[in-house]
Structure formats: C-alpha cells, structure tokens
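Note sheet for the following structure.
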Amino acid sequence: MPMDRTKQRNDITFLRRRPKAPSTTPTVATTGSNAPTASGGSKLSFERPRKPAQASGGLNLSNLQPTTPVVSTSPAPAAVQPSRKLEFRQSSTPSASPTPTSTPKAKRSSLSLRPKMDAELPKHSIPYFRNNLELSLENPAIRLDSRQSGIGSLIIEGAQAFAWETVSGHGGLQINKGTASSAVEPPSFGRRKVAEFINDEIIVGLRHGSNLRRLIVASSNDNLRLKLHDKSEIFMPVDAGNNVMLISRIGHEFEIRMEKIDTHDIVGTFSVKMSHVI
Amino acid sequence: MANKLVAGGNVFLTKENPNVRELVAGFGWNVISGNGPATEIVPSAILCGKDGRAIAPDSLIFFNQIQSPEGAVNYVSNNDKEQIEIAIDVVPTNVEKIVFVVYIDPDVRKPGNFSSVRNAYIHISTISGQELIRFDIPNDTNADVTAMVFGELYRYKEEWKFRAVGQGYSTGLSGVAKDFEVDI
C-alpha cells in the first residue's frame, strides 16, 4: 500500500509545535472578476482587463505612482511607468544584527493560528506524483505531497503567460516578455517573487507557496513541462493552446491539473480576481 | 545554569532533571541581509532508530506538519524562531533519537548558504522556560554548507541525552536525506 505522506502528522503525538505570532501583511484593493474580452483568432489572448472595477479600499500606497493601463516588462523608458511591486514584509529571515533583540510576545490562542489540517479536508482520489508522467484526458490531475509542495522551487518550461491568485485575494497576469502584464506583480518574500518568469521559465518558490491560491499557466505553442526540485517532471501537451495547466494549493499540497478551455482568455475563463494599485 | 556545549559534547537531560518529562527545543538564527534574495532557513526533525537511520522513509518531519498544543502558549525564549515541545515519555520505543536538521531552502534563485547565517543556536529548555542546554553554532561555517545537523536528542540506557553536533552538508537537504535514508 502506498505510503500516505499527505496528512498532518497526527501520529507524531510526542512532538508539538509552538506557533509563532503572525506578522501583519499589507492589503491591496482588489477588484471583482474582470474578464477581458477574448481576442479573435487562434492565438492566446493574455490581455489585462480594460475596465478596472471600483476599488474596495485598502492600504494607502501613496508612495507609489498611479497605475497606467500598460506596463512594460522590459527596462522602462522614461515615458513609461515602472512595474509596481507588492512587498510583503513576511520574510522568515529578518536582517541580521550582531545580537538578536527580543520583544515580549503577547499571549494568544494557538487554536486561532492553526492552519487547516489536512486531516480536516475532504478525501480525494487524485493520485500522488511519484515518477515522471504525462497528463492526459484520461489522467488529467496529479497531486504533489507536502514535501514536493514545500521544498525548493517548481520550474515550468514552455509557458507564455500565467495568471495568479493569492490566498489573500490578490491576483494578476504575467506575460513572458510581454507588455500586457498586470500592473500588480506577484508578492515577494525574502526578495523573491512567489512566482515569476526568469529566462523564459516560470519559477514558483515553494517556501512561501502557501500564499498562493492558484496559478493558471498557458502556452499557445510549446508543451508545458513542470520540474520538481528532485528533477522529476510532469509533462502536459497544450494542444495548440486549448489546454492550460492549473496549479492549485489545497492544504499543504499542490494539485497539477490539465484543463481544456473554450476561449484563450485565461483570466475570464477562471474568473481571476485582478488587483490594482490605488 | 544551562550547560553550554561545543560540537561533539553531550550531556544527560533526564538523569540530571528527573522530574522533567517535557522538553522544548528552540532554534534561533540571524541572516545577514544583502541586496539579493534572502537565505531561507528551515528547521526539521528526523526520527531515527538504533542504526542511526530514519525509522521510515517519511520520518523527515517539517515543523508545519506537527500539531500545535491546545490553548495559549508562549515561547520559552523570545529570541527563538521555532520551538517544538517533546513529550519524552511518549516517544515510541523504536525512536532511538530525534535529529534536528536545519537546511537552506533550495530555491533555484540564489538560495544562499550558512556563511550568511549568524548567531544560530539550538537550546533545550523546560516548558517553564528554564534553559537546560545550549549549543551555539560557530559563525565561521563554510560557505559550501547548505544543511546542518544542529544536534540530536537520544536515548542512553533508560535516560535521554543531548549531543551537540554542528555537522554541515554541502549537499544540502538531499545529502542529509541520503545519509539518513529518508525521502524528500
């Protein structure tokens, strides 16, 4: 019987973890679902929403300049606003000082800080990833266990764009070397974006992967190849852009799923909540 | 007064503190901040048998896999980055030692190494906060080191002892996993 590596370790009754006090994170105004109109033709359209919805209020970002409809991802010429970044001050490795300073920690209930245990989530029948495999219509989904979902990085080759959403409700669209990426980029932790394009690959940092709700990865030409830290791979054919890779965070795990789409509008199809700088 | 150990040193825990049946292992460190990506430190524990190897392939325990105690709790030391409680009376008999491993998260984007880590330590305290043992990791760790065994809690006859280790791995968590025969 395959070993179950998924659950919270309820069998480890002799070790208990003391949770750290949560740090505050800035919130950014989010919009409702903004589905851009699909472009014509067979090419994938990764256009940003054309009508930003009303902001619901949020953090004062007065130190940032107003957003512009199109943000260049290449080195910004003088006339173009630079990309905005969300910096989440949630790094687990604060700046060093010769002697650590201590501040009193207030008493708190650990119950309110407990993450939702895997044991509390409904059971599923998605198989767990063990060896290199190819997603298909017959086997469209695979789960990464808690170690595979927590160590190092995921690397995705072949992608042209990805839409992203965080558990805090922020979202956006990133296009590889494109000019139509959303003004709000994925959040950073320890000066690494939780997901980003580097050298034509999407890098997903798993150390802070729990902040991600999902990624939708698209390509109109090249098939997608997802690599784990141990070099094992998940291959997905894109079928001329009709298949996208949906990467969802469920508890402590990521689920990788092949989804067929009717239009090449990944933001609208998946109702990605796009964030805007206010 | 706490026993301050050097690498390789070991000391009785329960023999010298017979009324202590629950311990707290605390971990602390600082990372020198630069302009590049931060070095991410991840503590973990490996449950080992008599042969010094993991009792099962899934015996590498991330701390976020461990349940938290019920009710309000405080850190015994405010400097600690992580703390876990160990109920030594209910440790399964096939677990001969608990090895505390701290590794650098192997993100492909400049993960860093222990040369940027300062003032790292592991200490064992009572749940009331009395520090029993402390091992300060030397700050002159080789730049190749990306994982380290900080120390281990182990059975010795009928007692529990702690050994300060400070063994670095240039092969990171993969190297540790290979040595202890545990899956990652």
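Throughout, a chain's letter reflects where its sequence line sits, starting with A, and its residues are numbered from 1. Computation of the quantities below employed the complete heavy-atom set of this structure, encompassing side-chain atoms and omitting hydrogens, waters and symmetry-equivalent molecules. Since the model is a prediction, treat every value here as computed from it, not as a measurement.
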Pick from V95(B), V90(B), V117(B) with the largest number of heavy-atom pairs that fall under 4.5 Å of chain A: V90(B)
Sidechain-backbone polar pair: D105(B) side chain, G152(A) backbone, donor-acceptor under 3.5 Å: yes
Straight-line distance of L15(A) CG to I84(B) CD1, nearest 0.5 Å: 4.5 Å
Donor-acceptor contact present, side-chain R147(A) to main-chain D58(B), <3.5 Å: yes
Check: R192(A) side chain, K110(B) main-chain N or O, donor-acceptor pair, under 3.5 Å: yes
D89(B), part contacting chain A, at a heavy-atom distance under 4.5 Å: neither
Flag side-chain contact, heavy atom, 4.5 Å: I151(A) against F62(B): yes
Min side-chain heavy-atom separation H229(A)-V108(B) under 4.5 Å: no
Region of I88(B) that comes under 4.5 Å of a non-hydrogen atom in chain A: neither
Side-chain heavy atoms of I61(B) within contact of I12(A), under 4.5 Å: yes
Top contributor to chain A contacts, counting heavy-atom pairs under 4.5 Å, from A25(B), S174(B), G34(B): G34(B)
From F14(A) atom CZ to E85(B) atom CD, the distance as rounded to the nearest 0.5 Å: 14.0 Å
Chain A contact via L23(B) - which portion, at a heavy-atom distance below 4.5 Å: neither
D51(B), CG: over 12 other non-hydrogen atoms inside 6.0 angstrom: yes
Which portion of L154(A) sits near chain B, non-hydrogen atoms under 4.5 angstrom: neither
N35(B) side, atom CG; R191(A) side, atom CZ - distance, nearest 0.5 Å: 7.0 Å
Close side-chain approach of V42(B) to R207(A), heavy-atom, < 4.5 Å: yes
Region of I98(B) that comes under 4.5 Å of a non-hydrogen atom in chain A: side chain
Heavy-atom side-chain contact between R16(A) and E22(B) under 4.5 Å: yes
Polar side-chain atom of R109(B) near backbone of K193(A) as donor-acceptor pair, under 3.5 Å: yes
OH (Y156(B)) with more than 12 external heavy atoms under 6.0 Å: no
